[in-house]
Amino acid sequence: MSQEQPSPPSADSSLDGSDQFAVRQSKLDHLRESGNDPYRSNWDQSHTSREALDLLPEDLEEGPEVSVAGRIVAFRLMGKASFLKIIDRDGKIQSYVRKDEIGDDEYAAFKKLDLGDFVGIRGPLFRTRTGEITIRAKEYRLVSKALRPLPEKWHGLTDNEQIYRQRYLDLIVNDDSRERFRARSRVIREIREFFWSRDFLEVETPMLQAVSGGAAARPFETHFNALDCDFSLRIALELHLKRLLVGGFDRVFEVGRVFRNEGLSRRHNPEFTMLEAYQAYTDFRGMMELTQSLIQQVAERALGTLQMEREDGEAIDLSGTWKEAKYKDLILGAVGRDDWFDLPKSAKLEKTKELGIEVDPELEDFEITNDVFEKIIEHTLIQPTFVTHIPRELCPLAKITEDDESTIDVFELCINGQEIAPAYSEQNDPFVQREAFMKQVGEETQELDDDFLLALEHGMPPAGGMGLGIDRLVIFLTKASNIRDTILFPTLRPA
RNA sequence: GGGUCGGUAGCUCAAUCGGUAGAGCAGUGGCCUUUUAAGCCAUUGGUUCCGGGUUCGAGUCCCGGCCGGCCUACCA
């Protein structure tokens with residue numbers, strides 16, 4: 001380490017810079033040889049970047065000394081002084097490092113730092129000529145070496161596959177992605193706060209289930225060795241939460257992962273996060289108030305606004321009292337005739353062809369109608385809309401409407417052209433429930449959950465229940481276009 | 001599962017009709033004490049996703065495979 005030699009001969013001289021990993025590894029080796037192993041270092045933070053920036057009011061040129069730490073994301077060497085920018089958990093801050101302030105040897109070592117390295121920096125705050133709040137370094141220390149280069153600084157990382165498989169790189173270089181996942185976390189926190197404030201009990205129910213019910217989806221199957229029996233991963237939270245209503249916990253909610261062995265799409269990931277809440281002595285009308293208040297409060301607190309914007313620029317207004325529409329009215333409007341529900345199946349199929357949608361002719365009448373809803377109506381419901389009076393065949397777990405035997409007391413909340421949250425007046429008649437299950441078991445590959453029916457026979461209080469797909473909520477709250485942009489590590493084929 | 005588009009340097013992207021694979025950033029060496037995608041000079045770096053085929057010659061054309069985007073199907 002002589003000061004005279006401008007660049008001491010070392011292993012570096014054999015490296016031409018073509019192999020960035022080798023160059024960085026060589027730098028690491030030299031640090032270790034000189035007793036400065038970065039992987040054995042640490043640093044005490046006095047402030048985060050954000051906190052430090054807040055310490056220098058507009059009218060002041062000089063601020064107190066701070067000690068920060070983070071990853072180097074910009075590095076500008078200018079002879080005997082340098083600027084670098086580090087990123088930590090709440091932002092970025094610039095530091096100014098001068099040779100005459102940290103010393104010749106230290107500065108020589110400093111120049112060997114790389115983009116991506118973690119450093120600690122201590123020094124007073126000041127304002128640069130262009131007004132940027134900056135730390136004038138008195139001391140720095142390398143506390144972890146990055147052996148691989150960061151993605152390009154200007155374009156960031158754009159390759160979708162790499163964004164999903166190496167999310168950490170996306171989070172380092174793509175500000176919007178980092179902010180989207182912070183927003184997701186705030187949304188979930190505010191959801192919990194909402195239910196806690198309404199005296200709901202947060203619970204955890206099994207993910208491994210002998211019978212996975214509560215929805216019509218194919219489950220993932222697995223085998224439990226100790227008991228030598230098959231289990232499936234849950235596809236919904238519903239049936240266990242209702243057992244808790246039976247048990248006397250009359251306001252419960254759970255936020256948790258559910259798993260459905262179905263296809264992938266912009267709106268579907270095989271594991272996704274569901275909220276379900278059940279409240280005794282209310283009904284789907286009560287859930288309507290609850291759901292609207294929940295989403296409004298979450299948006300207000302987590303994002304500070306009720307005015308959303310989709311990726312395509314269209315606005316979504318979450319304020320006020322949300323629209324209500326009867327399922328039947330929406331269908332009649334979409335097909336353009338009042339006698340739709342009296343038409344024979346062949347005429348319905350004829351009409352769907354006119355409307356330009358493909359419908360499987362093997363389907364039941366109500367399924368054809370529901371295809372009309374899902375393929376023509378759903379994606380047009382951008383503004384929050386409670387769709388009510390849904391045909392009873394579509395859900396076996398809800399109460400029948402008192403003055404209309406053909407519909408159930410439920411709503412399906414649609415926002416952003418997607419189903420976000422269904423809610424029901426929960427069926428608590430064990431006979432009607434068993435009948436509905438039997439009918440479903442007959443036509444689907446569905447197992448009967450006898451244990452749940454046994455619980456119902458002990459008596460479940462009248463209740464309203466609601467389920468909400470958190471990933472889809474986050475999609476429109478954060479202007480994302482794809483569910484994968486709201487899930488940190490989305491499901492991909494193994495590399 | 002089907003359709004379609006794509007995979008080129010660490011990253012972001014070029015490469016005409018099938019004719020020597022290039023640029024910016026990053027890296028390396030040098031200059032530079034308030035920069036802002038810092039600047040200037042020089043410079044390294046390629047299994048063109050993989051495997052076959054056609055051809056004098058393939059990043060480019062054909063066949064097969066792998067991985068991904070979008071659309072679609074499945075999806076309470």
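Lettering of chains follows the sequences in order, A, B, ..., and the numbering in each one begins at 1.
- Between the P atoms of A26(B) and C11(B), the separation comes to 15 Å (whole Å).
- In terms of polar N and O atoms assigned as donor or acceptor, the side chain of Gln94(A) comes within less than 3.5 Å of the base of U35(B) in a complementary pairing.
- Between Tyr327(A) and Phe373(A), the ring centre distance stays below 6.0 Å.
- Within residues 412-430 of chain A, the residues approaching RNA chain B are Glu419(A), by heavy-atom distance under 4.0 Å.
- Not a single donor-acceptor contact under 3.5 angstrom links the side-chain atoms of Thr130(A) to the base of U34(B).
- No side-chain heavy atom of Asp88(A) sits less than 4.5 Å from a side-chain heavy atom of Arg50(A).
- Within 4.0 Å of Leu264(A), counting heavy atoms only, lies at least one base atom of the nucleic acid.
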remark   = Per-nucleotide protein contact along nucleotides 9-14 of chain B, 5' to 3', at a 4.0 Å heavy-atom cut-off (B base, S sugar-phosphate only, - neither), is -BBSS-
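- Base orientation of C31(B): anti, since the glycosidic angle falls outside 90° of 0.
- When heavy atoms are screened at a 4.0 angstrom cut-off, Asn269(A) is found touching no nucleic acid atom at all.
- Look at the P atom in both C17(B) and U60(B): the space between them is 15 Å, to the nearest Å.
- With salt bridges taken as basic N to acidic carboxylate O contacts below 4.0 Å, none links Glu271(A) and Arg260(A).
- Counting non-hydrogen atoms of other residues, nucleotides and ligands closer than 6.0 Å to NZ of Lys345(A) gives a total above 12.
- For the C1' atoms, the distance from C25(B) to A38(B) is 13 Å, rounded to whole Å.
- Taking atom CG of residue Leu115(A) and atom P of nucleotide A37(B), one finds them 15 Å apart after rounding to whole Å.
- The residue among Leu113(A) and Lys99(A) whose nearest nucleotide of RNA chain B lies closer to the 5′ end is Leu113(A).
- Remark: Arg129(A) is in phosphate contact with U35(B), judged by side-chain N or O atoms under 4.0 Å from OP1 or OP2.
- Under a 4.0 Å N-O distance rule, the pair Lys145(A)/Asp117(A) qualifies as a salt bridge.
- Using a 4.0 Å heavy-atom criterion, one finds that Arg127(A) contacts no nucleic acid atom at all.
- The environment of Glu435(A) atom CD is sparse: at most 12 non-hydrogen atoms of other residues, nucleotides or ligands sit within 6.0 angstrom.
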ask   = Does the pair Glu276(A) and Lys242(A) meet the rule for a salt bridge (charged side-chain N to carboxylate O under 4.0 Å, His left out), with working shown?
value = CA-CA 10 Å; Glu276(A) 288 194 31; Lys242(A) 283 181 173 173; over 6 Å; no
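- Sorted by first and then second residue, the pairs that involve residues 59-75 of chain A and meet side chain to side chain donor-acceptor pair (under 3.5 Å), not counting sequence neighbours, are Trp43(A)-Ser67(A), Glu65(A)-Arg122(A), Glu65(A)-Lys138(A).
- Atoms NZ (Lys111(A)) and P (G27(B)) sit 14 Å apart, rounded to a whole Å.
- Nearest to the side chain of Lys80(A), among C75(B), U35(B), C32(B), sits C32(B).
- The C1' atoms of G57(B) and A37(B) are separated by 41 Å, rounded to the nearest whole Å.
- Residue-to-nucleotide contacts include no donor-acceptor pair under 3.5 Å from the side chain of Arg98(A) to the base of U34(B).
- Using a 4.0 Å cut-off between charged nitrogen and carboxylate oxygen, Arg165(A) and Asp159(A) do not count as a salt-bridge pair.
- In this structure, of A37(B), U28(B), C75(B), it is U28(B) that holds the atom nearest to the side chain of Lys27(A).
- At a threshold of 4.0 angstrom between heavy atoms, the contacts of Tyr164(A) are confined to the sugar-phosphate backbone, with no base atom among them.
- U16(B) and A21(B): their C1' atoms are spaced 14 Å apart (whole Å).
- One donor-acceptor pair, N or O on each side, does fall under 3.5 Å between the base of U36(B) and the side chain of Thr128(A).
- A donor N or O paired with an acceptor N or O is found under 3.5 Å between the base of U35(B) and the side-chain atoms of Arg76(A).
- A centroid separation of 6.0 Å or more is found between the aromatic rings of Tyr164(A) and Phe489(A).
- Taking atom CD on Gln166(A) and atom P on C67(B), their separation rounds to 17 Å, with Å as the unit.
- The side chain of Arg266(A) contributes an N or O atom lying less than 4.0 Å from OP1 or OP2 of C71(B).
- Annotation: Phe284(A) is not in aromatic contact with Tyr424(A) [ring centroid separation under 6.0 Å not met].
- Atom C1' of U8(B) sits at a distance of 10 Å from the matching atom of G22(B), rounded to the whole Å.
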